[in-house]
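Below is one structure; the comments refer to it alone.
Because only heavy atoms are used, hydrogens play no part in the values below, and waters and symmetry mates are left out as well, while side chains stay in.
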Amino acid sequence: MNVTTEQELRAAIAAAEPLIFIENDIDVRAGFVVNYALGIQSDGKALRWTGTNYQAMLRVSANGSLTLTGVVLDGRGMSMILVQIWGGSCTLAEGTVLRNVLCSGSGGAVFVGSLSDRALGGSCVMKGALITATDKADAVLVCDGEMSMYAGARIAHTTSRGMGLINATLNMRGDAAIEHNSYTHDAVAGVIATEGSVVNMGLDEGDAPVIAYNEALAAYVGGAYLLNDSVLNMRYAAAIRDNRTTAYVGGVALSNAALNMEDDAAITGNVAQVAAGGVYALSGSRIRLAGRARIAANRADGAPGHGGGAYLSGEGTRMMLAGSASITANAAVGRGGGVYVTEGAALELADSARIG
């Protein structure tokens with residue numbers, strides 16, 4: 001069914017039309033609830049929010065599934081949510097763009113689940129879609145649910161944090177990227193994961209997802225921060241690279257969390273102005289590098305400037321290198337250009353692994 005106005009779109013959804021085509025840009029003054037299997041397609045036309053703050057443009061309920069193809073959702077700078085998933089599922093397919101939204105503490109472009117009803121959950125898939133031009137908080141927030149990013153999926157060029165995960169799973173496949181986000185409002189520019197969340201970067205051979213070129217300009221961690229029993233798994237050609245912070249930790253921070261790197265996974269080119277250019281691990285965190293995994297060319301540039309490649313701190317914190325894994329060509333103004341180990345942390349090498 002083709003639609004040209006908000007009234008026609010509202011009537012089509014009320015009638016449970018399974019496939020709707022947006023013929024032209026449409027101003028939307030109030031949100032829609034999707035409680036059935038709905039596909040919305042367009043050739044780049046936009047649904048533009050003209051309603052009030054603190055609403056959702058599209059809310060997918062537990063009985064609903066939504067697929068957007070070639071559609072632009074434009075928040076016009078308002079403090080609201082473009083797609084809210086309450087127990088249902090959503091696919092952001094090829095050519096879909098979510099943009100221009102002020103994130104008010106609950107994922108501005110996409111919010112999966114609910115902070116008040118932790119039983120809701122839900123799932124979102126990005127395939128060739130773009131989330132961009134969001135500001136503050138998290139561009140995407142996933143609570144008790146799952147986000148999967150496939151080839152061509154991008155969360156990029158925002159002044160938000162790329163993604164927040166609370167007891168949730170993020171799967172990054174193909175060349176999916178969270179990149180070029182500059183966060184000035186709080187800590188962590190790329191991804192923050194807590195409450196036992198799992199981040200899987202690279203699930204199939206040939207995958208090369210990245211968290212890259214993110215900048216934490218107000219506080220710590222440019223790339224990813226895992227805490228409270230969360231896990232980051234990096235396989236195949238997954239990379240966390242070229243992230244920056246004006247404080248601690250350019251690449252990956254771990255607090256009571258785990259990092260597993262295999263195959264050709266890499267943490268490279270990250271820069272911290274205070275300490276921990278590549279990886280910072282504390283509070284009993286565990287790091288394992290195997291295969292040809294590497295931590296390379298990271299820098300800790302400022303004072304005290306310890307731990308160019310990795311900074312390990314605290315009883316129970318442990319890093320293990322096996323296979324042909326390596327930590328090389330890192331630099332620190334202070335101690336530990338390769339690895340800085342302090343306060344009871346441990347570093348072990350096996351096989352042909354090396355630090356140099």
Side-chain angles (χ1 to χ4, degrees), residues 1-101 103-104 106-114 116-117 119-132 134 140-148 150 153:
M1 181 177 185
N2 291 15
V3 299
T4 59
T5 67
E6 179 186 7
Q7 183 178 7
E8 290 176 352
L9 177 58
R10 200 166 296 281
I13 293 175
E17 289 285 345
L19 183 61
I20 299 170
F21 188 86
I22 308 296
E23 290 193 355
N24 51 261
D25 294 343
I26 296 175
D27 289 342
V28 175
R29 292 168 294 179
F32 302 90
V33 175
V34 178
N35 55 16
Y36 67 100
L38 169 62
I40 300 178
Q41 299 180 357
S42 188
D43 56 1
K45 300 301 188 294
L47 298 179
R48 302 178 303 202
W49 186 253
T50 59
T52 59
N53 285 325
Y54 312 117
Q55 295 191 54
M57 181 184 290
L58 291 163
R59 179 173 293 159
V60 187
S61 71
N63 296 320
S65 65
L66 173 66
T67 299
L68 300 175
T69 306
V71 180
V72 176
L73 303 185
D74 192 331
R76 297 181 63 252
M78 301 291 286
S79 183
M80 47 89 70
I81 299 168
L82 293 174
V83 178
Q84 186 168 33
I85 302 165
W86 277 5
S89 64
C90 178
T91 297
L92 307 177
E94 191 72 32
T96 296
V97 178
L98 277 59
R99 70 188 186 197
N100 296 338
V101 62
C103 310
S104 58
S106 302
V110 176
F111 183 14
V112 179
S114 169
S116 59
D117 185 351
L120 281 174
S123 64
C124 182
V125 172
M126 292 180 67
K127 295 183 176 181
L130 171 65
I131 292 174
T132 190
T134 62
V140 175
L141 180 61
V142 186
C143 184
D144 307 298
E146 182 173 308
M147 166 66 82
S148 294
Y150 286 79

Short side-chain to backbone donor-acceptor contact, Arg10 and Gly31, under 3.5 Å: yes
Short side-chain to backbone donor-acceptor contact, Asp25 and Ala46, under 3.5 Å: yes
Salt bridge (Lys or Arg N to Asp or Glu O under 4.0 Å) against Asp117, all qualifying residues, sequence neighbours excluded: none
Minimum side-chain heavy-atom gap Thr91-Leu68 below 4.5 Å: no
Heavy-atom donor-acceptor pair, Thr96 side chain to Gly70 backbone, under 3.5 Å: yes
Any donor-acceptor N/O pair, Asn53 side chain to Ser79 backbone, under 3.5 Å: yes
Asn100 and Asp74 side chains, donor-acceptor separation under 3.5 Å: yes
Spacing of Leu58 atom CG and Leu38 atom CG [to the nearest 0.5 Å]: 8.0 Å
Test item: Asn24 side-chain N/O and Thr4 main-chain N/O as donor-acceptor pair under 3.5 Å: yes
Ala93 to Ala129 - nearest heavy-atom pair and separation: O-CB, 3.9 Å
Heavy-atom closest contact (Ala109 atom, Val101 atom, distance): N-CG1, 3.8 Å
Close side-chain approach of Glu6 to Asp27, heavy-atom, < 4.5 Å: no
Contact check, side chains of Leu73 and Trp49, non-hydrogen atoms, under 4.5 Å: no
Flag side-chain contact, heavy atom, 4.5 Å: Met126 against Ile131: yes
Check ion pair Lys45-Asp43 (N to O, under 4.0 angstrom): yes
Check: Ser114 side chain, Leu120 main-chain N or O, donor-acceptor pair, under 3.5 Å: no
